[in-house]
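Labels below follow one simple rule: chain letters A, B, ... track the order of the sequence lines, proteins then strands, and each chain is numbered from 1.
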Number of protein chains: 2
Amino acid sequence: MQAGKPILYSYFRSSCSWRVRIALALKNIDYETIPTNLIKDGGQQLAIIEYLEETRPTPRLLPQDPKKRAYVHMISNLIVSGIQPLQNLSVLKQLRQENNLPWAQKAISSGFQALEQILQGTAGKYCVGDEVTMADLCLVPQVANAERFEVDLTPYPAISRINKTLLALEAFQVSHPCRQPDTPPELRA
Amino acid sequence: MQAGKPILYSYFRSSCSWRVRIALALKNIDYETIPTNLIKDGGQQLAIIEYLEETRPTPRLLPQDPKKRAYVHMISNLIVSGIQPLQNLSVLKQLRQENNLPWAQKAISSGFQALEQILQGTAGKYCVGDEVTMADLCLVPQVANAERFEVDLTPYPAISRINKTLLALEAFQVSHPCRQPDTPPELRA
């Protein structure tokens with residue numbers, strides 16, 4: 001980070017890119033975007049967030065308390081490994097087209113059932129307590145994917161409430177897919 | 001960890017359980033196994049490893065240098081989010097039976113292609129330099145899955161070499177699926 005402005009290879013719609021954009025916004029790091037239509041999505045972008053956390057520790061995205069940190073990692077990993085990979089584009093492309101939507105919906109809703117239960121025990125204002133953590137960076141882009149795949153969110157009141165609270169924060173707004181350099185005009189807001 | 005022996009809910013064959021067993025063995029933590037036929041696999045067990053790293057820091061499974069730590073997270077996440085979720089049992093169950101093997105093979109080999117390239121830049125004796133890290137805990141169980149799915153490993157010389165070196169270490173042997181309390185007799189070694 002020392003030399004020059006960091007460059008983010010980003011795709012406006014990718015939930016993985018969005019996670020990183022939120023971290024950059026929260027840590028107030030100025031960066032350049034190079035729009036990239038990501039083929040290989042997945043959880044690798046979490047490595048960027050961990051790196052940012054270590055090199056730019058303020059504000060912290062991981063709580064100091066090991067137990068709370070474990071909750072944050074548990075929630076992040078549930079989304080990043082347990083949900084997102086099963087509903088991403090490269091997987092859906094391998095399925096017959098008529099199976100796409102039910103497959104993605106099933107992946108998301110079975111993950112959200114587990115997540116909703118975890119949040120009952122960990123959530124305050126946000127996913128873990130009252131500070132924004134890495135778990136929240138994972139939550140919001142995943143809820144947006146759920147909405148895109150028309151998943152009914154009524155059974156997940158904690159998820160819905162936290163998502164709404166987070167979306168009111170500036171870091172989540174400036175990083176939103178509808179406001180990126182590569183967002184097509186018809187999807188801008 | 002303070003009060004009593006930790007309990008690991010473990011399934012002998014699960015690559016996610018195996019990752020944690022390696023961490024426990026490396027950190028010399030005595031634990032009790034409760035065999036559990038895991039339905040929800042996935043990357044959540046990485047949260048346990050992060051927790052162990054924070055509460056029992058010796059030996060470290062994450063390098064001190066932020067750049068090396070980022071490599072470790074990148075490799076771990078590639079396996080935990082990019083490969084394992086696509087070839088795990090619950091996903092394969094949703095496919096028609098004749099599609100199972102090619103699907104799993106494709107998920108693993110496309111992930112291994114990316115991984116092999118990354119390792120060219122990061123590997124020493126192990127995945128990142130010459131110390132065992134979290135990336136190695138992810139590698140060995142994933143290679144075992146590749147072998148189970150009959151993936152040809154010839155195109156991945158770095159993966160194969162590191163895997164072989166790691167399997168010679170005691171922590172990887174005592175944690176091996178063929179030696180667990182719930183390993184069926186015909187799979188013991």
Comparing B:Ile75, B:Val91, B:Val72 against chain A, the one with the most heavy-atom pairs below 4.5 Å turns out to be B:Val91

One option among A:Leu86, A:Ile83, A:Asn99 has the most heavy-atom pairs under 4.5 Å with chain B, and it is A:Leu86

A:Lys68 versus A:Leu62: any side-chain heavy-atom pair under 4.5 Å? no

Among B:Lys67, B:Glu54, B:Lys106, B:Glu53, the residue with the most heavy-atom pairs under 4.5 Å to chain A is B:Glu54

Query raised in the report: Between A:Trp103 and B:Trp103, how do the two ring planes meet: parallel, tilted or perpendicular, split at 30° and 60°?
Result: tilted

>> Please check this pair: side chain of B:Glu116 against backbone of B:Ile159, looking for a donor-acceptor N/O pair closer than 3.5 Å.
In response: yes

request  = Return yes when atom CD of B:Gln94 has more than 12 non-hydrogen atoms of other residues, nucleotides or ligands closer than 6.0 Å, and no otherwise.
outcome  = yes

